[in-house]
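In what follows, chains carry the letters A, B, and so on, assigned in the order in which the sequence lines appear, proteins first and then strands, with residues in each chain numbered from 1. These values consider heavy atoms only, across backbone and side chains, with no hydrogens, waters or symmetry-generated copies.
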Protein chains: 2
Amino acid sequence: MTMHHTGGRRKPPTIHDVAREAGVSRGTVSRVLNGGHYVSPAAQEAVNAAIRRTGYVVNRHARSLITGRSDSIGFLLTEPQERFFEDPNFNVLLRGCTQALAAHDVPLLLMLAGTQDERRRITRYITAGHVDGVLLVSSHSGDPVAEELREAGVPLVACGKPIGLGSKVSYVAADDRDGARDMVKHLLSLGRRRIGMVTGPLDTPGGVERLAGYREVLAEAGIEADDRLVVPGDYSRASGDAGAERLLERVPDLDAVFVASDLMAQGVLSALHRAGRRVPEDVAVGGFDDSPAAVASTPALTTIRQPWDRISAEMVRVLLAQIGGDDPAAVILPTELVRREST
Amino acid sequence: MTMHHTGGRRKPPTIHDVAREAGVSRGTVSRVLNGGHYVSPAAQEAVNAAIRRTGYVVNRHARSLITGRSDSIGFLLTEPQERFFEDPNFNVLLRGCTQALAAHDVPLLLMLAGTQDERRRITRYITAGHVDGVLLVSSHSGDPVAEELREAGVPLVACGKPIGLGSKVSYVAADDRDGARDMVKHLLSLGRRRIGMVTGPLDTPGGVERLAGYREVLAEAGIEADDRLVVPGDYSRASGDAGAERLLERVPDLDAVFVASDLMAQGVLSALHRAGRRVPEDVAVGGFDDSPAAVASTPALTTIRQPWDRISAEMVRVLLAQIGGDDPAAVILPTELVRREST
DNA sequence: CTGAAAGCGCTTACAG
DNA sequence: CTGAAAGCGCTTACAG
């Protein structure tokens with residue numbers, strides 16, 4: 001079947017070969033390639049047959065050179081990468097985006113920009129037109145990259161609301177506040193009244209919104225706000241562990257904890273275990289994310305499911321629309337309470 | 001600083017602009033861009049200054065069109081993706097490769113090929129020259145993709161030894177057999193004698209090698225082989241759980257289990273817990289990978305650390321060398337026993 | 001509907 | 001060391 005020898009990378013057929021094979025001009029081949037408008041059925045067919053016979057695949061570099069589009073999308077991760085990679089949600093997101101993009105036959109370039117230097121280099125690369133648009137995932141969303149890209153006119157959609165950019169930048173996010181509300185209402189419905197919270201980083205929209213939801217529901221239930229019940233976390237397991245310790249010190253009789261991520265909730269579980277508290281008998285624990293960590297924990301975590309598959313699909317949809325000329329748009333997706341053993 | 005208006009993506013400067021600005025020909029600019037050979041220091045400097053002033057960034061499409069190289073690398077994931085994405089090692093690997101590549105200023109294209117169809121499409125894409133080389137991660141390594149790519153002469157390095165391809169294909173792997181040996185020796189040194197094993201998939205080199213290491217050490221210790229002590233797993237948590245159940249049925253007095261992955265070991269821990277066995281008092285459990293799951297487990301897992309950061313770095317190094325003309329090479333990296341609470 | 005031709009931005013022998 | 005010129009593989013008005 002293959003005529004070339006091992007290691008020899010033969011020259012792929014060009015549009016010229018296809019044209020010769022089909023007995024038409026290169027222009028006609030190109031027209032078939034680009035939607036088949038203004039092409040007779042006969043020519044259409046001849047070209048398609050020739051493409052099949054020659055195994056022709058378009059040279060994207062040549063095409064991009066003239067169209068000025070790269071036909072590829074960047075998946076840009078800024079700020080502390082470790083945190084993201086540790087986070088199982090990240091996987092689902094990355095996989096979802098890659099798949100959604102593959103369905104449109106557009107390759108995804110993975111770009112990591114953890115340091116100031118890398119950020120500068122990648123911004124340059126992007127604004128030079130090497131990708132048609134960017135899916136942006138950054139934690140601390142005061143991120144200057146978003147603003148720079150927006151200003152350079154690069155189509156962009158962020159995962160989560162970029163702080164400070166309002167709706168000038170497209171984004172897709174789960175309804176963090178509503179999710180938090182659901183969880184705290186659930187805890188209240190169980191009869192818990194001294195409900196602590198380990199928050200996410202408060203310079204992120206997710207962190208802020210989940211805390212806001214928690215406070216709202218307690219206020220609505222007529223429970224007085226108590227600052228000792230709120231401790232900050234950074235989405236890491238360790239911060240959950242430390243947070244629970246502090247909570248226990250300050251409010252020994254607390255009967256529930258709402259934790260802003262499942263990973264932190266694992267830490268909370270450990271701390272509670274060390275302190276001899278039973279979950280959920282003594283202390284109910286609610287997480288956020290419905291990540292694999294939620295099922296892996298003992299006891300399995302009651303949590304808030306973020307619709308990651310939908311988030312990734314929407315990010316891709318909005319980005320492609322924007323590349324096609326649409327204006328920026330924000331998409332907020334509902335969450336869902338998943339009850340397990342920890343409450 | 002920026003003169004363009006929001007949303008307007010202005011045309012980036014070309015080599016022509018730089019040439020005019022520097023007062024030289026385009027050829028000279030190109031020579032500076034490509035290493036500065038045969039260029040006078042004066043011209044060199046003038047060009048560099050012009051590049052800085054204009055903010056010029058090379059158009060890779062134009063360059064690739066003529067060089068025939070894409071200056072990008074594909075990270076190809078074949079077979080069941082879910083499993084990989086569930087696997088924390090995958091993250092470390094992907095991140096490591098992206099970073100190592102970024103250091104060489106070459107972008108990484110993430111390619112998922114879970115279905116037959118996708119595999120065909122992506123193979124075509126790759127052999128058409130859209131990437132200069134491929135980092136291949138596939139679980140069941142009877143994978144036809146590896147053979148196809150090799151035959152097409154695409155530079156390729158696999159993660160783990162591709163079954164059946166011998167050393168015709170480059171690969172980088174941890175020393176699975178030696179790691180397994182270390183773990184089983186450790187278990188023996190603790191006085192355990194009825195040591196069960198939950199294997200990985202036996203159509204993967206890792207699965208085969210870890211089992212081989214287990215058997216070797218038991219044989220060397222003069223312990224008679226007992227097939228009831230070996231149950232198959234597929235690296236999923238669920239298969240670990242099920243495997244431990246079967247082990248317990250068949251050999252109720254077993255005193256240790258060597259599990260071929262940390263994720264499966266989590267499942268084993270659950271099953272043991274349900275069965276009322278204490279770990280490590282009644283049954284010692286050893287994992288493999290030193291993934292985050294190892295620390296997240298209760299008790300924390302004694303395990304075998306795979307040097308993922310080195311693996312990714314080596315994969316990139318070998319691939320770039322091969323693209324540069326080197327012959328394929330295999331790299332085997334040592335593992336390390338990490339003692340925690342489960343043994 | 002279709003062909004001939006120009007041109008995208010770059011690199012690379014080829015003369016000097 | 002340097003410029004002029006050809007050409008990489010494609011798309012896109014432009015005439016027919």
Side-chain angles (χ1 to χ4, degrees), chain A residues 9-48 50-51 54-72 105 124-125 127-132, chain B residues 9-48 50-51 54-72 105 124-125 127-132:
Chain A
R9 231 176 150 171
R10 46 151 48 162
K11 246 187 149 185
T14 73
I15 203 172
H16 191 242
D17 300 317
V18 175
R20 187 163 15 80
E21 184 85 12
V24 300
S25 75
R26 293 177 293 156
T28 298
V29 175
S30 180
R31 276 177 219 113
V32 171
L33 255 27
N34 292 282
H37 303 304
Y38 302 104
V39 182
S40 66
Q44 179 88 251
E45 197 168 325
V47 169
N48 282 138
I51 288 177
T54 55
Y56 172 77
V57 176
V58 67
N59 180 324
R60 286 176 183 240
H61 300 305
R63 174 181 283 175
S64 293
L65 180 55
I66 169 156
T67 61
R69 315 197 332 148
S70 73
D71 291 324
S72 65
D105 200 29
R124 261 199 151 209
Y125 181 87
T127 53
H130 290 309
V131 293
D132 294 335
Chain B
R9 231 175 151 171
R10 45 150 51 158
K11 246 184 152 191
T14 73
I15 203 173
H16 189 241
D17 301 317
V18 176
R20 187 164 14 80
E21 184 85 14
V24 299
S25 74
R26 293 177 294 157
T28 299
V29 175
S30 180
R31 278 178 216 111
V32 172
L33 255 27
N34 292 281
H37 303 304
Y38 303 103
V39 182
S40 66
Q44 179 88 251
E45 197 168 324
V47 169
N48 283 137
I51 288 177
T54 55
Y56 172 77
V57 176
V58 67
N59 180 325
R60 285 175 185 243
H61 300 304
R63 173 182 283 175
S64 292
L65 180 55
I66 170 155
T67 61
R69 314 198 332 149
S70 72
D71 291 325
S72 65
D105 199 30
R124 262 197 151 209
Y125 181 86
T127 52
H130 290 309
V131 293
D132 294 335

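- Put simply, A/Ser40 has no side-chain N or O that comes within less than 4.0 Å of OP1 or OP2 on C/dC1.
- For the pair A/Ser30 and D/dT11, the criterion of a side-chain N or O lying under 4.0 Å from OP1 or OP2 is met.
- Here A/Thr28 reaches the OP1 or OP2 of C/dG3: one of its side-chain N or O atoms lies under 4.0 Å away.
- Using a distance-only test at 3.5 Å, with no hydrogens or angles considered, a donor-acceptor pair links the side chain of A/Asp17 to the main chain of A/Thr14.
- Between the side chain of B/Ser70 and the main chain of B/Asp132, a donor-acceptor pair closer than 3.5 Å is present.
- Taking atom C1' in both D/dT12 and D/dG16, the straight-line distance is 16 Å, to the nearest Å.
- B/Ser64 places a side-chain N or O within donor-acceptor distance of the main-chain N or O of B/Arg60, the cut-off being under 3.5 Å.
- Base pairing analysis places D/dA13 opposite nothing; no Watson-Crick or G-U wobble pair with both distances below 3.5 Å involves it.
- Distance A/Tyr38 OH to D/dC14 C1': 14 Å, rounded to the nearest Å.
- Using N1 to N3 plus N6-O4 or O6-N4 for Watson-Crick, or N1-O2 and O6-N3 for G-U wobble, each under 3.5 Å, C/dA4 pairs with nothing.
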Please write out each protein N/O paired with an N/O of nucleotides 6-9 of chain C under 3.5 Å, distance rounded to 0.1 Å.
| from | atom 1 | to | atom 2 | distance (Å) |
| --- | --- | --- | --- | --- |
| C/dG9 | OP1 | B/Lys11 | NZ | 3.4 |
| C/dG9 | N2 | B/Ala62 | O | 3.4 |

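- Rounded to a whole Å, the CZ atom of B/Arg69 is 10 Å from the P atom of C/dT12.
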request  = Carefully, step by step, assess A/Arg63 and A/Asn34 under the rule side-chain contact (heavy atoms from CB on, under 4.5 Å).
outcome  = CA-CA 11 Å; A/Arg63 174 181 283 175; A/Asn34 292 282; 4.0 Å; yes
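- A donor-acceptor contact shorter than 3.5 Å is absent between the side chain of A/Thr28 and the backbone of A/Val24.
- Checked against D/dT12, C/dG3, D/dT2, the side chain of B/Val39 finds its nearest nucleotide in D/dT2.
- Rounded to whole angstrom, the span from the CG atom of A/Asp71 across to the C1' atom of D/dC10 amounts to 12 Å.
- Nearest nucleotide to the side chain of B/Thr67, out of C/dT11, D/dT2, C/dA4: C/dT11.
- Taking the nucleotide of DNA chain C with the nearest heavy atom to each of B/Arg31 and B/Arg60, the more 5' of the two is matched to B/Arg60.
- One N or O on the side chain of B/Thr54 and one on the backbone of B/Ala50 form a donor-acceptor pair closer than 3.5 Å.
- Checked against C/dC1, D/dC1, D/dT11, the side chain of A/Asn34 finds its nearest nucleotide in D/dT11.
- The CD1 atom of A/Ile51 sits 5.0 Å away from the CG atom of A/Leu33 when rounded to the nearest 0.5 Å.
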